[in-house]
Amino acid sequence: MKIHGRTYRSVWLDEDGWAVRILDQTLLPWRVEELRLETAEQAARAIVTMQTRGAPLIGAVAAYGVALAMRSRPEALAEAVAMLGATRPTAVNLRWALERMTARLTPLPPEARAAAAYAEAAAIAEDDVETCRRIGRHGLALLEEIAARKGCVKVLTHCNAGWLATVDYGTALSPIYQAHDAGIAVHVWVDETRPRNQGALLTAFELGAHGVPHAVVADNAGGHLMQRGEVDIVIVGTDRVTRRGDVANKIGTYLKALAAADNGVPFWVAMPHSTLDTRLTDGLAEIPIEERAAEEVTHLTGPDAEGTLRRVQVTAPGSGAANPAFDVTPARLVTGLITERGRCAASEEGLRSLYPERF
Ligand code: MRU
């Protein structure tokens with residue numbers, strides 16, 4: 001994807017061929033700054049602080065974190081994997097990537113591990129790019145069908161499931177980019193996505209850079225827009241999908257699904273294979289929900305009139321805050337899943353039809 005005419009991925013190898021580069025997403029959209037990661041600890045820290053984030057991207061950065069660890073201490077594979085795996089709990093892509101790295105590296109002697117780790121991390125990144133491209137193709141058909149009936153397609157999305165949340169293209173935004181590139185008129189309602197505002201900051205930035213018409217709306221506006229017929233389809237990303245199709249995603253997704261069901265608006269979830277967790281069934285009971293710092297709710301950061309980044313308090317002094325970062329949308333509220341293998345029902349039967357080897 002392009003920023004100011006330059007092509008980026010969300011994670012890549014530095015020119016020296018070993019250090020890992022990411023965009024510091026805590027500074028976007030105000031500043032485009034790259035971070036150079038030289039150790040697994042730095043990679044873990046970037047994930048914890050959300051300088052890099054989004055389910056598939058967390059997995060890819062963690063894989064490169066293992067590669068960095070293998071350069072210096074190839075005998076300490078399990079230690080590096082445990083440290084990286086403890087960074088964020090909800091997105092299963094992290095575990096998926098680390099298990100893949102472990103399976104590839106464990107049989108190798110220590111001196112062979114670094115080269116193999118870099119190759120495997122690169123394969124994980126390439127897999128994600130191709131997966132997201134295909135999700136875009138399968139989602140495009142949905143948008144084409146709406147466009148044929150209505151002209152402009154009005155999509156609502158929550159959080160950021162674009163290229164900044166993956167290695168490239170995105171999941172929920174990939175069909176939107178492909179539709180826009182195919183000349184289909186698309187308008188995107190972008191939920192601001194409090195408390196960290198990934199919609200207002202990252203999704204709006206991405207869509208703007210790609211020239212896709214959009215408007216940021218307060219998180220609570222979605223139901224109203226649906227009641228007025230202003231939303232043709234909801235497409236969101238996901239951090240974990242259970243074997244029966246329950247979907248974890250950024251906090252607030254469930255409320256959008258409820259409003260969509262009440263208004264007969266199709267609610268689609270874009271899911272790469274790395275987000276499917278067939279070990280779990282009941283999403284509400286079993287998916288670990290990340291609880292983040294209260295300061296993310298009580299304070300906001302943005303530029304003042306001079307462009308200096310300032311942190312301001314937006315709650316009454318002394319009030320505490322709770323910050324569950326994800327929620328679970330039950331499968332019954334999900335119209336369907338858009339995957340790299342096609343679309344399916346959010347159910348064990350639907351998932352089994354596309355991923356028989358995972359059951
Ligand atoms: O806390 P974040 O910013 O990592 O949360 C991101 C989301 O919830 C995305 O919607 C999800 O990871 C899907 S990304 C393709």
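Note that ligands are numbered from 1 as they come in the structure, with each ligand's atoms numbered from 1 the same way.
- Applying the salt bridge (Lys or Arg N to Asp or Glu O under 4.0 Å) test to pairs two or more places apart or on separate chains, those with a residue in residues 310-339 are Asp304-Arg310.
- Here is the list of ligand 1 atoms found below 4.0 Å of a heavy atom in Asp239: 7 (C), 8 (O), 9 (C), 11 (C), 12 (O).
- Ion pairing between Glu349 and Arg352 fails under the 4.0 Å rule for side-chain N and carboxylate O.
- Every atom of ligand 1 with a heavy atom of Ala165 under 4.0 Å away is listed here by number and element: 14 (S), 15 (C).
- Here Glu99 pairs with Arg279 in a salt bridge; the nearest charged N to carboxylate O distance falls below 4.0 Å.
- Applying the 4.0 Å criterion to heavy atoms of Lys250 picks out, from ligand 1, the atoms 1 (O), 2 (P), 5 (O), 8 (O).
- Nearest protein heavy-atom contact of atom 10 (O) of ligand 1 is Asn249 OD1, 2.7 Å.
- Between Thr171 and ligand 1, no pair of N/O atoms sits closer than 3.5 Å.
- Considering backbone and side-chain atoms alike, Arg53 places an N or O below 3.5 Å from some N or O of ligand 1.
- Heavy-atom contacts of Cys159 reach the following atoms of ligand 1: 5 (O), 6 (C), 7 (C), 8 (O), 10 (O) (cutoff under 4.0 Å).
- Heavy-atom contacts of Gln198 reach the following atoms of ligand 1: 1 (O), 2 (P), 3 (O) (cutoff under 4.0 Å).
- The part of Thr238 lying near ligand 1 is the backbone, judged by heavy-atom distances below 4.0 Å.
- Cation-pi geometry between Arg36 and Trp18 is met: the NZ or CZ atom falls under 6.0 Å from the ring centre, inside 45° of the normal.
- Taking the six-membered ring where tryptophan is involved, the planes of His273 and Trp96 are perpendicular, since the angle between them exceeds 60° and thus also 30°.
- For Lys250 and Phe326, the positive end sits near the middle of the six-membered ring, less than 6.0 Å away and at most 45° from its axis.
- With Thr26 contributing its side chain and Asp24 its backbone, the two residues share no donor-acceptor pair below 3.5 Å.
- The distance from ligand 1 to the heavy atoms of Gly54 drops below 4.0 Å at these ligand atoms: 4 (O), 12 (O).
- Within the listing of ligand 1, atoms 12 (O), 14 (S) sit less than 4.0 angstrom from a heavy atom of Ala55.
- At a 4.0 Å heavy-atom cut-off, ligand 1 touches Asn160 through the backbone alone.
- Under 4.0 Å from ligand 1, the heavy atoms of Pro56 that appear belong solely to its side chain.
- Listed by number with element, the atoms of ligand 1 under 4.0 Å from a non-hydrogen atom of Met50 are 1 (O), 2 (P), 3 (O).
- The pair Asp219-Arg194 does not count as a salt bridge, with every side-chain nitrogen at least 4.0 angstrom from each carboxylate oxygen.
- Comment: Glu126 engages Arg9 in a salt bridge, judged by a side-chain N to carboxylate O separation of less than 4.0 angstrom.
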